[in-house]
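Below is one structure; the comments refer to it alone.
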Amino acid sequence: MTHPRKIIIDTDPGQDDAVAILLALASPDELALLGITTVAGNVPLDLTTRNARMVCELANRTGTRIFAGCDRPMNRRLVTAEYVHGKTGLDGPTLPEPTMPVEDTHAVDFLVATLRAEPEKTVTLCPLGPLTNIATALERAPDIAARIQEIVLMGGAYFEVGNVTPAAEFNIYVDPHAADIVFRSGVPLTVMPLDVTHKALVTKARNDAFRAIGTRVGTAVAQMTDFFERFDIAKYGSEGAPLHDPCVIGYLLAPHLFSGRHINVMVETRSELTLGMTVADWWGVTDRVPNATFMGDIDSEHFFRLLTDRLARL
(Lines give C-alpha, C1' and ligand atoms only; values in the text may rest on other atoms or scores of the structure.)
Protein backbone atom coordinates (compact mmCIF):
# COMPACT_ATOMS: atom_id res chain seq x y z
CA MET A 1 0.00 0.00 0.00
CA THR A 2 1.33 3.44 -0.95
CA HIS A 3 1.33 5.98 1.87
CA PRO A 4 -0.02 9.47 1.20
CA ARG A 5 2.59 12.05 0.27
CA LYS A 6 3.24 14.46 3.15
CA ILE A 7 2.76 18.09 2.14
CA ILE A 8 2.67 21.56 3.66
CA ILE A 9 0.72 24.21 1.73
CA ASP A 10 2.15 27.73 2.02
CA THR A 11 -0.46 30.16 0.77
CA ASP A 12 -1.98 33.65 0.49
CA PRO A 13 -5.65 32.94 -0.35
CA GLY A 14 -6.83 34.20 -3.01
CA GLN A 15 -9.67 32.42 -4.85
CA ASP A 16 -7.33 30.13 -6.79
CA ASP A 17 -5.40 29.34 -3.59
CA ALA A 18 -8.73 28.38 -2.02
CA VAL A 19 -9.48 25.93 -4.84
CA ALA A 20 -5.99 24.44 -4.45
CA ILE A 21 -6.54 23.92 -0.73
CA LEU A 22 -9.92 22.30 -1.39
CA LEU A 23 -8.35 19.96 -3.97
CA ALA A 24 -5.75 18.85 -1.43
CA LEU A 25 -8.33 18.39 1.33
CA ALA A 26 -10.42 16.28 -1.06
CA SER A 27 -7.49 13.92 -1.75
CA PRO A 28 -6.48 12.34 1.58
CA ASP A 29 -5.60 9.00 0.01
CA GLU A 30 -2.79 10.65 -1.96
CA LEU A 31 -1.90 13.69 0.17
CA ALA A 32 -1.33 13.98 3.90
CA LEU A 33 -1.65 17.69 4.68
CA LEU A 34 0.58 18.34 7.71
CA GLY A 35 -0.45 21.97 7.92
CA ILE A 36 -1.20 25.20 6.10
CA THR A 37 1.14 28.16 6.51
CA THR A 38 -0.06 31.60 5.51
CA VAL A 39 1.88 34.53 4.12
CA ALA A 40 1.13 38.10 3.06
CA GLY A 41 0.59 38.37 -0.69
CA ASN A 42 -2.71 38.68 -2.48
CA VAL A 43 -3.96 40.50 0.63
CA PRO A 44 -2.33 41.23 4.01
CA LEU A 45 -1.56 38.40 6.42
CA ASP A 46 -4.59 38.80 8.67
CA LEU A 47 -6.86 38.26 5.67
CA THR A 48 -4.89 35.37 4.12
CA THR A 49 -5.00 33.59 7.49
CA ARG A 50 -8.73 34.29 7.84
CA ASN A 51 -9.35 33.02 4.33
CA ALA A 52 -7.40 29.79 4.90
CA ARG A 53 -9.57 29.11 7.95
CA MET A 54 -12.76 29.86 6.01
CA VAL A 55 -11.78 27.42 3.26
CA CYS A 56 -11.03 24.62 5.72
CA GLU A 57 -14.39 25.22 7.41
CA LEU A 58 -16.13 25.22 4.03
CA ALA A 59 -14.67 21.74 3.48
CA ASN A 60 -15.55 20.61 7.04
CA ARG A 61 -11.85 20.04 7.74
CA THR A 62 -11.62 22.04 10.94
CA GLY A 63 -8.85 19.83 12.30
CA THR A 64 -6.42 21.22 9.75
CA ARG A 65 -3.54 23.03 11.44
CA ILE A 66 -3.05 26.63 10.28
CA PHE A 67 0.02 28.72 11.07
CA ALA A 68 0.32 32.44 10.36
CA GLY A 69 3.65 33.47 8.91
CA CYS A 70 5.48 36.51 7.55
CA ASP A 71 3.46 39.69 7.17
CA ARG A 72 5.84 41.38 4.70
CA PRO A 73 8.55 40.52 2.17
CA MET A 74 12.15 40.09 3.27
CA ASN A 75 13.58 43.33 1.88
CA ARG A 76 10.82 45.50 0.46
CA ARG A 77 7.31 46.78 1.09
CA LEU A 78 4.31 44.52 0.56
CA VAL A 79 2.51 44.66 -2.79
CA THR A 80 -1.03 43.20 -2.74
CA ALA A 81 -3.64 42.32 -5.37
CA GLU A 82 -7.08 43.38 -4.15
CA TYR A 83 -7.72 44.59 -7.70
CA VAL A 84 -7.82 40.91 -8.70
CA HIS A 85 -9.16 39.12 -5.62
CA GLY A 86 -11.38 41.79 -4.05
CA LYS A 87 -10.96 43.58 -0.75
CA THR A 88 -11.13 40.36 1.32
CA GLY A 89 -9.00 38.30 -1.05
CA LEU A 90 -11.85 35.83 -1.29
CA ASP A 91 -14.64 37.91 -2.76
CA GLY A 92 -17.43 36.04 -4.56
CA PRO A 93 -19.07 33.60 -2.17
CA THR A 94 -20.59 34.67 1.14
CA LEU A 95 -18.90 32.48 3.74
CA PRO A 96 -19.34 32.67 7.52
CA GLU A 97 -16.61 34.13 9.68
CA PRO A 98 -14.26 31.31 10.71
CA THR A 99 -14.16 29.98 14.24
CA MET A 100 -11.39 27.35 14.00
CA PRO A 101 -8.17 28.33 15.78
CA VAL A 102 -4.85 29.49 14.41
CA GLU A 103 -1.86 27.74 15.95
CA ASP A 104 0.32 29.77 18.34
CA THR A 105 3.51 28.72 16.53
CA HIS A 106 4.83 31.01 13.78
CA ALA A 107 4.72 29.42 10.32
CA VAL A 108 8.50 29.58 9.90
CA ASP A 109 9.05 27.79 13.22
CA PHE A 110 6.52 25.15 12.20
CA LEU A 111 8.29 24.60 8.89
CA VAL A 112 11.69 24.20 10.55
CA ALA A 113 10.45 21.95 13.34
CA THR A 114 8.41 19.73 11.03
CA LEU A 115 11.20 19.25 8.51
CA ARG A 116 13.62 18.37 11.29
CA ALA A 117 11.17 15.97 12.93
CA GLU A 118 9.94 14.09 9.86
CA PRO A 119 12.15 11.47 8.18
CA GLU A 120 14.52 13.06 5.66
CA LYS A 121 13.07 13.82 2.20
CA THR A 122 9.50 12.84 3.05
CA VAL A 123 7.88 16.30 3.09
CA THR A 124 6.95 18.30 -0.01
CA LEU A 125 6.43 22.05 0.30
CA CYS A 126 3.68 23.57 -1.86
CA PRO A 127 4.04 27.37 -1.99
CA LEU A 128 1.11 29.08 -3.71
CA GLY A 129 2.11 32.68 -2.95
CA PRO A 130 5.24 34.74 -2.28
CA LEU A 131 8.12 32.63 -1.01
CA THR A 132 8.82 34.66 2.14
CA ASN A 133 8.05 31.92 4.67
CA ILE A 134 10.04 29.27 2.78
CA ALA A 135 13.10 31.47 2.25
CA THR A 136 13.06 32.69 5.86
CA ALA A 137 13.00 29.08 7.06
CA LEU A 138 15.90 28.17 4.75
CA GLU A 139 17.94 31.15 5.98
CA ARG A 140 17.19 30.49 9.64
CA ALA A 141 17.85 26.73 9.42
CA PRO A 142 20.04 25.86 6.42
CA ASP A 143 20.04 22.20 7.44
CA ILE A 144 16.40 21.79 6.39
CA ALA A 145 17.22 22.17 2.68
CA ALA A 146 18.61 18.63 2.55
CA ARG A 147 15.52 17.30 4.31
CA ILE A 148 12.91 18.60 1.84
CA GLN A 149 11.69 16.03 -0.68
CA GLU A 150 10.65 18.66 -3.23
CA ILE A 151 9.23 22.15 -3.55
CA VAL A 152 6.34 22.39 -6.03
CA LEU A 153 5.39 26.02 -6.48
CA MET A 154 3.27 28.37 -8.55
CA GLY A 155 5.28 31.30 -9.80
CA GLY A 156 7.25 32.86 -12.60
CA ALA A 157 6.97 32.66 -16.36
CA TYR A 158 9.15 32.43 -19.45
CA PHE A 159 7.29 33.06 -22.75
CA GLU A 160 4.26 34.60 -20.99
CA VAL A 161 6.66 36.84 -19.01
CA GLY A 162 4.80 39.09 -16.54
CA ASN A 163 1.31 39.67 -15.17
CA VAL A 164 2.10 42.37 -12.59
CA THR A 165 4.92 44.11 -14.49
CA PRO A 166 6.00 43.52 -18.10
CA ALA A 167 8.72 41.21 -16.77
CA ALA A 168 7.46 39.61 -13.57
CA GLU A 169 4.77 37.26 -12.28
CA PHE A 170 3.06 38.40 -9.07
CA ASN A 171 4.25 35.76 -6.56
CA ILE A 172 7.90 36.22 -7.49
CA TYR A 173 7.62 40.01 -7.79
CA VAL A 174 6.16 40.43 -4.29
CA ASP A 175 9.32 38.94 -2.74
CA PRO A 176 12.03 38.41 -5.35
CA HIS A 177 14.74 38.11 -2.71
CA ALA A 178 12.92 35.19 -1.13
CA ALA A 179 12.46 33.58 -4.54
CA ASP A 180 16.18 33.97 -5.23
CA ILE A 181 17.00 32.13 -2.00
CA VAL A 182 14.62 29.29 -2.88
CA PHE A 183 15.86 28.91 -6.45
CA ARG A 184 19.48 28.84 -5.22
CA SER A 185 18.75 26.43 -2.35
CA GLY A 186 19.57 23.18 -4.13
CA VAL A 187 16.17 21.74 -3.16
CA PRO A 188 14.47 19.92 -6.08
CA LEU A 189 12.05 22.45 -7.59
CA THR A 190 9.03 21.94 -9.83
CA VAL A 191 7.50 25.19 -11.04
CA MET A 192 4.05 25.98 -12.44
CA PRO A 193 4.61 29.26 -14.34
CA LEU A 194 2.02 31.41 -16.07
CA ASP A 195 2.79 29.52 -19.27
CA VAL A 196 1.00 26.50 -17.77
CA THR A 197 -1.56 28.17 -15.53
CA HIS A 198 -2.91 30.38 -18.33
CA LYS A 199 -3.89 27.13 -20.08
CA ALA A 200 -5.97 26.02 -17.06
CA LEU A 201 -8.93 28.26 -17.86
CA VAL A 202 -12.29 28.05 -16.15
CA THR A 203 -14.59 28.22 -19.15
CA LYS A 204 -18.33 28.60 -18.71
CA ALA A 205 -18.80 24.86 -19.17
CA ARG A 206 -16.21 24.10 -16.51
CA ASN A 207 -17.72 26.58 -14.09
CA ASP A 208 -21.18 25.11 -14.75
CA ALA A 209 -19.72 21.72 -13.84
CA PHE A 210 -18.56 23.09 -10.46
CA ARG A 211 -22.01 24.52 -9.78
CA ALA A 212 -23.69 21.29 -10.88
CA ILE A 213 -21.93 19.41 -8.07
CA GLY A 214 -24.78 20.82 -5.99
CA THR A 215 -22.90 21.18 -2.71
CA ARG A 216 -21.73 24.16 -0.67
CA VAL A 217 -18.22 23.56 -1.96
CA GLY A 218 -19.25 23.31 -5.60
CA THR A 219 -21.38 26.45 -5.39
CA ALA A 220 -18.68 28.42 -3.54
CA VAL A 221 -16.00 27.44 -6.07
CA ALA A 222 -18.27 28.49 -8.93
CA GLN A 223 -18.87 31.82 -7.20
CA MET A 224 -15.14 32.30 -6.61
CA THR A 225 -14.27 31.73 -10.24
CA ASP A 226 -17.19 33.88 -11.38
CA PHE A 227 -15.67 36.77 -9.42
CA PHE A 228 -12.05 35.97 -10.26
CA GLU A 229 -12.58 35.73 -14.01
CA ARG A 230 -13.81 39.28 -14.49
CA PHE A 231 -10.25 40.57 -14.17
CA ASP A 232 -8.62 38.11 -16.56
CA ILE A 233 -11.32 38.38 -19.21
CA ALA A 234 -10.92 42.15 -19.19
CA LYS A 235 -7.10 42.01 -19.15
CA TYR A 236 -6.34 39.13 -21.52
CA GLY A 237 -9.53 38.69 -23.51
CA SER A 238 -9.48 35.06 -22.35
CA GLU A 239 -12.54 32.84 -22.10
CA GLY A 240 -12.26 32.46 -18.35
CA ALA A 241 -10.06 32.70 -15.27
CA PRO A 242 -6.78 30.77 -15.05
CA LEU A 243 -6.67 28.53 -11.99
CA HIS A 244 -3.02 29.14 -11.18
CA ASP A 245 -2.53 27.52 -7.79
CA PRO A 246 -4.56 24.30 -8.22
CA CYS A 247 -1.97 23.29 -10.83
CA VAL A 248 0.46 22.65 -7.96
CA ILE A 249 -1.87 20.16 -6.27
CA GLY A 250 -2.96 18.77 -9.63
CA TYR A 251 0.66 17.96 -10.41
CA LEU A 252 1.07 16.04 -7.14
CA LEU A 253 -2.05 14.01 -7.91
CA ALA A 254 -1.50 13.46 -11.65
CA PRO A 255 2.00 14.45 -12.81
CA HIS A 256 1.39 12.86 -16.22
CA LEU A 257 -0.97 15.75 -17.04
CA PHE A 258 2.00 18.16 -17.11
CA SER A 259 5.12 18.42 -19.25
CA GLY A 260 8.17 20.64 -19.03
CA ARG A 261 11.96 20.87 -18.96
CA HIS A 262 14.66 20.72 -16.30
CA ILE A 263 16.44 24.04 -16.81
CA ASN A 264 18.32 26.79 -15.04
CA VAL A 265 16.18 29.56 -13.58
CA MET A 266 17.54 32.68 -11.92
CA VAL A 267 15.53 35.46 -10.26
CA GLU A 268 16.30 39.12 -10.94
CA THR A 269 16.64 41.03 -7.65
CA ARG A 270 18.46 44.26 -8.61
CA SER A 271 17.03 45.72 -11.79
CA GLU A 272 14.25 48.27 -11.38
CA LEU A 273 13.05 47.40 -14.88
CA THR A 274 12.89 43.60 -14.52
CA LEU A 275 12.68 43.05 -10.75
CA GLY A 276 11.20 39.63 -10.01
CA MET A 277 11.73 38.23 -13.49
CA THR A 278 12.38 34.48 -13.64
CA VAL A 279 15.18 34.27 -16.18
CA ALA A 280 14.53 30.79 -17.53
CA ASP A 281 17.15 29.22 -19.80
CA TRP A 282 14.51 27.26 -21.72
CA TRP A 283 16.74 26.75 -24.77
CA GLY A 284 19.94 25.90 -22.88
CA VAL A 285 21.92 28.85 -24.19
CA THR A 286 24.05 29.20 -21.03
CA ASP A 287 26.25 26.79 -19.12
CA ARG A 288 24.34 27.40 -15.89
CA VAL A 289 23.39 24.20 -14.07
CA PRO A 290 19.67 23.28 -14.23
CA ASN A 291 17.96 23.89 -10.89
CA ALA A 292 14.22 23.64 -11.62
CA THR A 293 11.73 21.68 -13.67
CA PHE A 294 9.75 24.44 -15.39
CA MET A 295 6.44 23.15 -16.69
CA GLY A 296 5.31 24.22 -20.13
CA ASP A 297 2.04 22.45 -20.85
CA ILE A 298 -1.00 20.88 -19.20
CA ASP A 299 -3.76 18.52 -20.31
CA SER A 300 -6.44 20.95 -19.19
CA GLU A 301 -9.44 18.73 -20.00
CA HIS A 302 -8.26 15.93 -17.74
CA PHE A 303 -7.08 18.40 -15.11
CA PHE A 304 -10.57 19.92 -14.81
CA ARG A 305 -12.15 16.48 -14.82
CA LEU A 306 -9.92 15.52 -11.87
CA LEU A 307 -10.64 18.80 -10.08
CA THR A 308 -14.41 18.53 -10.46
CA ASP A 309 -14.41 14.90 -9.36
CA ARG A 310 -12.41 15.68 -6.22
CA LEU A 311 -14.42 18.76 -5.26
CA ALA A 312 -17.55 16.58 -5.41
CA ARG A 313 -16.10 14.47 -2.57
CA LEU A 314 -16.19 17.33 -0.07
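In terms of the ring-ring contact (aromatic ring centres under 6.0 Å, His included) criterion, F183 has no residue partners (sequence neighbours excluded). Annotation: side-chain hydrogen bond (donor to acceptor under 3.5 Å, both in side chains) contacts of T286 (sequence neighbours excluded): D281. With sequence neighbours left out, the ring-ring contact (aromatic ring centres under 6.0 Å, His included) criterion links F294 to Y158. With sequence neighbours left out, the side-chain contact (heavy atoms from CB on, under 4.5 Å) criterion links R140 to V108, D109, T136. By the side-chain hydrogen bond (donor to acceptor under 3.5 Å, both in side chains) test, R76 is found to be paired with no residue, residues two or more places apart in sequence or in another chain being considered. Residues satisfying the side-chain hydrogen bond (donor to acceptor under 3.5 Å, both in side chains) criterion with R61, sequence neighbours excluded, are absent altogether. Residues satisfying the side-chain hydrogen bond (donor to acceptor under 3.5 Å, both in side chains) criterion with R53, sequence neighbours excluded, are absent altogether.
You'll find the side chain of T38 stays beyond 4.5 Å of the side chain of D12, heavy atoms only. Looking only at side-chain heavy atoms (C-beta outward), R147 and E118 stay at 4.5 Å or farther from each other. Between I213 and V217 the shortest side-chain heavy-atom distance does not fall below 4.5 Å. Considering only heavy atoms from C-beta on, E82 comes within 4.5 Å of V43 through its side chain. E169 is not listed as a side-chain neighbour of E160, based on a closest heavy-atom distance of 4.5 Å or more. Here the side chains of F303 and P246 are in contact, with some heavy-atom distance below 4.5 Å. Put simply, the side chain of I21 reaches to within 4.5 Å of the side chain of P13, judged on heavy atoms. Two residues are said to be in side-chain contact when any heavy atoms from C-beta on lie closer than 4.5 Å; L33 and L31 fail this criterion.
Panel note: side chain T122, backbone P119; a donor-acceptor pair is recorded below 3.5 Å. Side chain of T274 to main chain of M277: no donor-acceptor pair is present (N/O by atom type, distance under 3.5 Å, no hydrogens or angles). Side-chain N or O atoms of N163 include one that pairs as donor or acceptor with a backbone N or O of F170 at under 3.5 Å. The backbone N or O of L90 sits less than 3.5 Å from a side-chain atom of T88, completing a donor-acceptor pair. With hydrogens and angles ignored, the 3.5 Å screen pairs a side-chain donor or acceptor of N264 with a backbone N or O of V289. With hydrogens and angles ignored, the 3.5 Å screen pairs a side-chain donor or acceptor of Q15 with a backbone N or O of H85.
Heavy-atom minimum distance, P44 versus L78: CA-CD2, 4.3 Å. Taking every heavy atom of both residues into account, C56 and I36 meet most closely at SG-CD1, 3.7 Å. Residues V187 and A145 come closest through the heavy atom pair CG2-O, 3.5 Å. For L45 against G69, the heavy-atom pair with the smallest separation is CD2-O, 3.1 Å. Nearest approach of T278 to A157, heavy atoms of both residues: OG1-O, 2.8 Å.
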For residues 95-102, which side-chain N or O atoms pair as donor and acceptor with protein atoms under 3.5 Å away, sequence neighbours left out?
residue	atom	partner	partner atom	Å
E97	OE1	R50	NE	3.2
E97	OE2	R50	NE	3.1
E97	OE2	R50	NH2	2.6
T99	OG1	E57	OE2	3.4

With a 3.5 Å cut-off and sequence neighbours excluded, list the donor-acceptor pairs that the side chains of residues 251-262 form with protein atoms.
residue	atom	partner	partner atom	Å
R261	NH1	W282	O	2.8
H262	ND1	A292	O	3.4
H262	ND1	T293	OG1	3.3

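Sequence neighbours left out, the pairs with a member in residues 21-31 that pass side-chain hydrogen bond (donor to acceptor under 3.5 Å, both in side chains) are S27-R310, E30-R310. Under the ring-ring contact (aromatic ring centres under 6.0 Å, His included) criterion, the residue pairs touching residues 98-156 are F67-F110, with sequence neighbours excluded. For residues 20-45, no residue pair satisfies the ring-ring contact (aromatic ring centres under 6.0 Å, His included) rule, not counting sequence neighbours.
Rounding to the nearest 0.5 Å places CD1 of I249 at 12.5 Å from CG of L243. From T64, atom OG1 reaches atom CD1 of I66 across 6.5 Å, with rounding to the nearest 0.5 Å. The CE atom of M192 sits 10.0 Å away from atom CE of M154, with the distance rounded to the nearest 0.5 Å. Interatomic distance, C126 SG to D10 CG, rounded to the nearest 0.5 Å: 9.5 Å. Taken to the nearest 0.5 Å, the CG atom of D91 stands 13.0 Å off from the CG atom of D226. Interatomic distance, CD1 of I151 versus OG of S185, reported as 5.0 Å (0.5 Å rounding).
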Practice prompt. Decide yes or no on side-chain contact (heavy atoms from CB on, under 4.5 Å) for L189 and V182, but give the supporting numbers first.
Written response: CA-CA 9 Å; L189 300 178; V182 171; 4.0 Å; yes
Discussion item. For a side chain to side chain donor-acceptor pair (under 3.5 Å) check, start with the C-alpha distance between T190 and E150, then their side-chain angles and the critical distance, and finish with the verdict.
Written reply: CA-CA 8 Å; T190 298; E150 185 179 9; 2.5 Å; yes
Discussion item. Go through it in stages, so that I can follow the logic: the residues are V221 and L311, the test is side-chain contact (heavy atoms from CB on, under 4.5 Å), and I'd like the CA-CA distance, side-chain angles, deciding distance and then a yes or no.
Written reply: CA-CA 9 Å; V221 168; L311 293 177; 4.1 Å; yes
Discussion item. What verdict does the salt bridge (charged side-chain N to carboxylate O under 4.0 Å, His left out) test give for R305 and D309, after you've listed the backbone C-alpha separation in whole Å, the side-chain angles of each residue and the deciding distance to 0.1 Å?
Written reply: CA-CA 6 Å; R305 195 174 303 166; D309 173 72; over 6 Å; no
Worksheet item: Please walk me through it: do V202 and F210 pass side-chain contact (heavy atoms from CB on, under 4.5 Å)?
Response: CA-CA 10 Å; V202 184; F210 295 152; 4.1 Å; yes
Worksheet item: Should V123 and L34 be marked as a side-chain contact (heavy atoms from CB on, under 4.5 Å) after you check the CA-CA gap, both sets of side-chain angles, and the distance that decides it?
Response: CA-CA 9 Å; V123 177; L34 302 182; 4.0 Å; yes
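Using a 3.5 Å distance cut-off with no hydrogens or angles, the side chains of T105 and E103 do not pair a donor with an acceptor.
Evaluated for a side-chain contact (heavy atoms from CB on, under 4.5 Å) with P73, the options V39, V174, L131, V79 yield exactly one hit, V174. A side-chain hydrogen bond (donor to acceptor under 3.5 Å, both in side chains) with N42 is found for exactly one of D17, T48, N171, N51, namely D17. Shown are T203, D16, N207; of these, the side-chain hydrogen bond (donor to acceptor under 3.5 Å, both in side chains) with T225 is made only by N207.
By the 6.0 Å contact criterion, CZ on R288 is enclosed, its count of non-hydrogen atoms from other residues, nucleotides or ligands being greater than 12. More than 12 heavy atoms of other shown residues, nucleotides or ligands fall within 6.0 angstrom of atom CG in D208.
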